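Notes follow once the structure below has been shown.
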Amino acid sequence: MSEQIDQLDSLLDNLSQEDFKQEVLEDFKIANISRQCSLIGRKEVLTGKAKFGIFGDGKEVAQIALSKFFNDGDWRSGYYRDQTWMFALDLCTPQQWFAQLYAHANLELEPHSAGRQMGGHFATRSIDQEGQWKDLTKMKNTSADISPTAGQMSRALGLGLASKHYRNNEGLKDFKQFSDNGNEVVFASIGDASTSEGPFWETMNAATVLQVPMVLSCWDDGYGISVPKKYQTTKASISEALAGFEYEEGKGGMYIYKTKGWDYPHLIETYAKAVNQTRKTHIPCLVHVEEVTQPQGHSTSGSHERYKDEARLQFEKDFDGLVKMKEWIISCGLATQEELEVIEKEGKEIATQAKRDAWKSFSGEIKNEISEVVNYFDQISTSSTNIDVINEIKTDLLTTLDPVRKDVMKATRAVLRITRFEKSAARENLVAWKKNQDLINQDRYTSHLYSQSIHAVKHVDEVPAKFDGELQSIPGYQILNKLFDYHLEHMPELCAFGEDVGQIGDVNQAFAGLQEKYGEYRVFDTGIRENTIIGQGIGMALRGLRPIAEIQYLDYLLYGLQPLSDDLACLQYRTKGGQKAPLIVRTRGHRLEGIWHTGSPMSLMLSSLRGMHICVPRNMVQAAGMYNTLLQSDEPAIVVECLNGYRIRENMPSNLTEFTLPLGQVETVRYGSDITVVSYGSTLRVVQEAAEKLAELDIDVEIIDVQTLLPFDTEQNIVESLKQTGKILFVDEDVPGGATAYMYQEVMEKQNGYYYQDMPAQTLAASQNRGAYGSDGDYFTKPSADDIIEKIYEMMSDDDPASYPDLY
Ligand SMILES: Cc1ncc(C[n+]2csc(CCOP(=O)(O)OP(=O)(O)O)c2C)c(N)n1
């Protein structure tokens with residue numbers, strides 16, 4: 001036994017005997033605090049003080065072992081079971097943990113998400129209040145958790161890849177606040193059942209292909225909610241299923257370790273070996289932690305007695321990590337049963353006190369609000385004819401068990417409704433109070449969808465494009481090529497990757513020759529794996545790099561949409577401005593050929609990517625202006641280039657690399673007096689063609705290119721055009737009711753366009769099926785110039801049939 005202790009001690013910096021003992025006892029204490037948090041947390045949910053609980057009981061010992069090897073600068077990309085890990089690293093206190101359980105919308109007391117995320121969703125704060133990066137090498141980092149199972153995996157790939165870049169890319173040597181020569185490891189964690197998800201396999205493959213420093217822990221408790229692993233995993237074992245990935249000299253792969261969730265010494269030995277190896281070599285590894293328990297079952301939504309048999313339930317008791325750790329400590333003579341019982345008691349007291357403190361702060365805020373409104377209610381009722389109803393509302397509020405902010409607001413709004421015909425200073429005061437609270441609540445619950453930092457897109461200065469001197473007219477792809485060449489030269493943190501982006505410089509040549517010029521750490525190929533291309537970009541951007549991740553065709557964005565929507569788009573929001581990942585997704589879309597190279601699913605993005613900017617340039621010069629803006633800002637965006645536009649010649653601005661296109665600014669590309677047509681992207685050229693033909697029919701069209709769908713016409717210029725023409729048509733090649741409906745709503749509702757129409761606004765989109773192949777397919781499924789001409793003519797004819805007789 002003493003040999004085992006000596007060996008363990010040698011892994012823990014050869015501590016003195018006393019220090020070693022203290023460390024073990026401290027570990028036991030943290031494990032107990034964490035367990036007690038889980039036990040108390042469940043009660044808090046079942047008694048109604050918190051809404052939902054999902055806890056880390058059963059995973060304590062493994063996470064304590066892991067955290068011993070987690071250094072400053074390292075990153076975690078984990079999931080909701082990792083509370084003990086967070087406690088052990090001091091990245092979350094038990095009180096903060098309870099604050100999150102109660103959804104305390106207070107950043108100081110709940111710094112992980114300001115109450116926006118359900119319990120167990122952790123995030124450290126990488127940026128300060130102004131949005132500036134902190135020194136990430138001096139802190140232990142955790143990327144912001146998300147709930148979709150395996151959603152943490154693709155991001156982990158990028159976090160790990162960043163280390164590889166910082167180690168191998170000479171140009172990054174000065175980026176000292178992000179890396180110490182690439183020595184940082186990304187620690188990912190996942191439950192056994194979640195390894196069934198596609199992103200898990202995609203990540204494992206990419207991580208081993210790329211050889212990134214990832215230590216992946218699989219907490220294997222045998223179930224995904226109620227479904228046992230025999231229905232989840234080949235051979236019911238993730239390490240066996242991954243055997244073909246195992247490292248072989250000269251061939252690559254990953255190291256695979258197996259250990260048990262209750263075996264404290266073996267866990268330490270395993271993590272010591274795994275992490276040191278991975279840190280040094282950047283070879284990824286899996287630590288398959290088996291025989292993990294889940295003493296309280298999956299979550300507060302149900303009990304595990306429903307699906308675990310007697311034998312399993314007994315196993316959960318016998319192999320509880322805390323029980324086993326206690327046995328081990330006693331058997332080594334490091335402490336007695338009595339001494340450990342004292343620690344257990346202390347753990348319970350600490351967790352109980354943390355719960356009390358967190359609840360006191362949370363409920364204290366609400367109590368204050370209640371006493372404020374009740375005071376107003378009393379004042380109002382002195383002169384109100386509705387005194388009985390107000391008193392009833394007040395009593396209801398005062399007798400609500402564990403009231404929350406919603407109860408305060410509901411009561412306030414009810415009183416204001418019932419007293420709507422009354423006038424009193426007291427009522428005015430309550431109105432003022434409510435308005436003020438509305439602002440505060442906006443900040444509490446809906447702020448930070450977009451960056452609020454000084455680097456936000458809206459703060460980038462506008463620099464208009466100049467067309468001085470002799471105009472150079474070159475194909476669009478060459479314009480982008482010159483642009484990316486310049487930025488790669490001037491921004492060492494910039495890199496671009498995707499399918500066929502490296503060697504051939506993307507399928508449309510915008511990066512042609514740039515890998516040769518800047519090397520394989522700047523412009524590089526990836527496998528065909530859209531989900532992890534996005535995750536790769538997110539992880540790299542979280543660590544100070546500026547990735548441009550390419551999705552080869554917009555139609556294939558669906559594979560990458562999950563991390564964009566679940567992870568990137570809501571990153572600032574779910575951390576309330578604590579993390580940023582200014583990833584630029586570059587893709588190409590709209591009409592070209594066939595069902596999967598002609599899509600324009602803008603409404604898909606509009607509904608799933610709030611939090612990102614959606615840029616839809618009509619040509620490559622406009623795209624260049626957008627890239628220039630984005631590269632100066634700290635916000636994520638997707639740029640949809642026109643798939644059919646790369647060979648079209650465009651006049652190149654003389655300040656190509658400096659001009660910026662403010663996002664949210666529309667451009668009127670043709671002035672006219674009869675009708676306003678609003679469009680973007682590839683359709684815009686078709687609208688322009690139609691407008692020239694319509695001029696021959698005596699119809700003068702004004703064309704507005706919206707340029708970006710998010711943000712949308714921030715200066716509200718479209719309605720100004722409508723005021724002049726009285727007629728408006730929204731045209732694109734999304735499905736009917738897609739982005740045209742979105743633009744319609746923006747102009748009619750937000751810009752009050754409704755009041756300036758001579759006739760109802762109209763939309764013209766593609767047909768609702770996907771675009772058919774060939775020129776005929778395009779003609780009959782996408783809006784053609786003929787369709788646009790006839791639509792506009794019809795509108796003119798409805799208004800003035802004498803001047804515009806029916807065409808057919
Ligand atoms: C994409 C997705 N599908 C379903 C769920 C619902 N869900 C939450 S946890 C869970 C089981 C996960 O089991 P496992 O990976 O073994 O982790 P454990 O909770 O057991 O630690 C499921 C199905 C989810 N969160 N995300």
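These numbers were taken from a predicted model, which means no experiment stands behind them.
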*Does the side chain of Gln437 pick up a donor-acceptor pair with the side chain of Asn441 at under 3.5 Å?*
no
*asked:* With no hydrogens and no angle check, just 3.5 Å: does a side-chain donor-acceptor pair link Arg543 and Ser163?
replied: yes
*Not counting sequence neighbours, list each pair that qualifies as a salt bridge (Lys or Arg N to Asp or Glu O under 4.0 Å) and has a residue in residues 335-344.*
Lys326-Glu344
_Minimum heavy-atom separation for Gln132 and Ile454, please, with both atom names._
NE2-CD1, 3.6 Å
*asked:* What I want to check is whether the side chains of Glu130 and His455 have a donor and an acceptor closer together than 3.5 Å.
replied: no
*Any sub-3.5 Å donor-acceptor pair from Asn276's side-chain atoms to Ala272's backbone N or O?*
yes
*Do Ile329 and Leu25 touch side chain to side chain, with heavy atoms closer than 4.5 Å?*
yes
_By the ring-ring contact (aromatic ring centres under 6.0 Å, His included) test, which pairs, at least two apart or in different chains, include something from residues 396-415?_
none
*Got a donor-acceptor contact below 3.5 angstrom from the Asn106 side chain to the Leu109 backbone?*
yes
*Should the pair Phe315 and Phe319 be assigned to parallel (<30°), tilted (30 to 60°) or perpendicular (>60°) ring geometry?*
parallel
*asked:* Would you say that Asp19 contacts Leu12 through its side chain, given a criterion of any heavy-atom pair below 4.5 Å between the two side chains?
replied: no
*Which residues satisfy the side chain to side chain contact (heavy atoms under 4.5 Å, CB included) test with Glu372, sequence neighbours excluded?*
Trp433
Could you give the side-chain donor-acceptor pairs of residues 49-62 under 3.5 Å, partners two or more places apart or in another chain?
{"residue": "Lys49", "atom": "NZ", "partner": "Glu44", "partner atom": "OE1", "Å": "2.8"}
{"residue": "Asp57", "atom": "OD2", "partner": "Gln296", "partner atom": "N", "Å": "2.9"}
{"residue": "Lys59", "atom": "NZ", "partner": "Asp221", "partner atom": "OD2", "Å": "2.7"}
{"residue": "Lys59", "atom": "NZ", "partner": "Thr293", "partner atom": "O", "Å": "3.4"}
{"residue": "Glu60", "atom": "OE1", "partner": "Arg35", "partner atom": "NH2", "Å": "3.0"}
{"residue": "Glu60", "atom": "OE1", "partner": "Gly58", "partner atom": "N", "Å": "2.8"}
{"residue": "Glu60", "atom": "OE2", "partner": "Arg35", "partner atom": "NE", "Å": "2.7"}
{"residue": "Glu60", "atom": "OE2", "partner": "Arg35", "partner atom": "NH2", "Å": "3.4"}
{"residue": "Glu60", "atom": "OE2", "partner": "Gly58", "partner atom": "N", "Å": "3.4"}

*Say whether Tyr271 and Ser217, considering side chains only, have a donor N or O and an acceptor N or O under 3.5 Å apart.*
yes
*Taking atom types as modelled, find out whether Thr137 and Asp180 have a side-chain donor-acceptor pair closer than 3.5 angstrom.*
no
*Greater than 12 external heavy atoms within 6.0 Å of Glu305's CD*: yes
*Determine yes or no for a side-chain-to-main-chain donor-acceptor pair under 3.5 angstrom, with Arg125 supplying the side chain and Gln579 the backbone.*
no
*Would you mind listing every ring-ring contact (aromatic ring centres under 6.0 Å, His included) that reaches into residues 105-133, with sequence neighbours excluded?*
His112-Phe122, Trp133-Phe178
_Is there a side-chain contact between Thr259 and Glu290 in this structure, where contact means two heavy atoms from C-beta onward sitting under 4.5 Å apart?_
no
*For Arg76, enumerate each residue passing the side-chain hydrogen bond (donor to acceptor under 3.5 Å, both in side chains) test, keeping only those at least two apart in sequence or located in another chain.*
Asp82, Thr142, Asp145
*Sequence neighbours excluded, which residues qualify as side chain to side chain contact (heavy atoms under 4.5 Å, CB included) partners of Asp27?*
Glu23, Ile64, Lys68, Tyr264, Met325
_If we count only N and O atoms by modelled type, under 3.5 Å, do the side chains of Gln353 and Asp357 hold a donor and an acceptor together?_
yes
_My understanding is that only residues two or more places apart in sequence, or in another chain, count here; which of them pass salt bridge (Lys or Arg N to Asp or Glu O under 4.0 Å) with Asp74?_
Arg279
*For ring pair (Phe, Tyr, Trp, His ring centres under 6.0 Å), just list the numbers for Trp359 and Tyr102, CA-CA rounded to whole Å, side-chain angles, deciding distance to a tenth of an Å, and then say yes or no.*
CA-CA 8 Å; Trp359 180 254; Tyr102 299 136; 4.9 Å; yes
*Under 3.5 Å, side chain of Asn141 to main-chain N/O of Leu136, donor-acceptor pair present?*
yes
*State plainly whether the residues Asp135 and Lys138 are in salt-bridge range, i.e. N to O under 4.0 Å.*
yes
*asked:* Could you work out, with side-chain hydrogen bond (donor to acceptor under 3.5 Å, both in side chains) as the rule, every residue matching Glu110, not counting sequence neighbours?
replied: Ser113
*Do Arg610 and Leu449 have side chains that get closer than 4.5 Å, going by heavy atoms?*
yes
*Could you name each residue pair satisfying salt bridge (Lys or Arg N to Asp or Glu O under 4.0 Å) that touches residues 404-414, not counting sequence neighbours?*
Glu365-Arg405, Glu369-Arg405
*Output all residues satisfying side-chain hydrogen bond (donor to acceptor under 3.5 Å, both in side chains) with Glu197, sequence neighbours left out; order by chain, then residue number.*
Thr149
*Any pair counted as salt bridge (Lys or Arg N to Asp or Glu O under 4.0 Å), so long as it reaches residues 91-106, sequence neighbours left out*: none
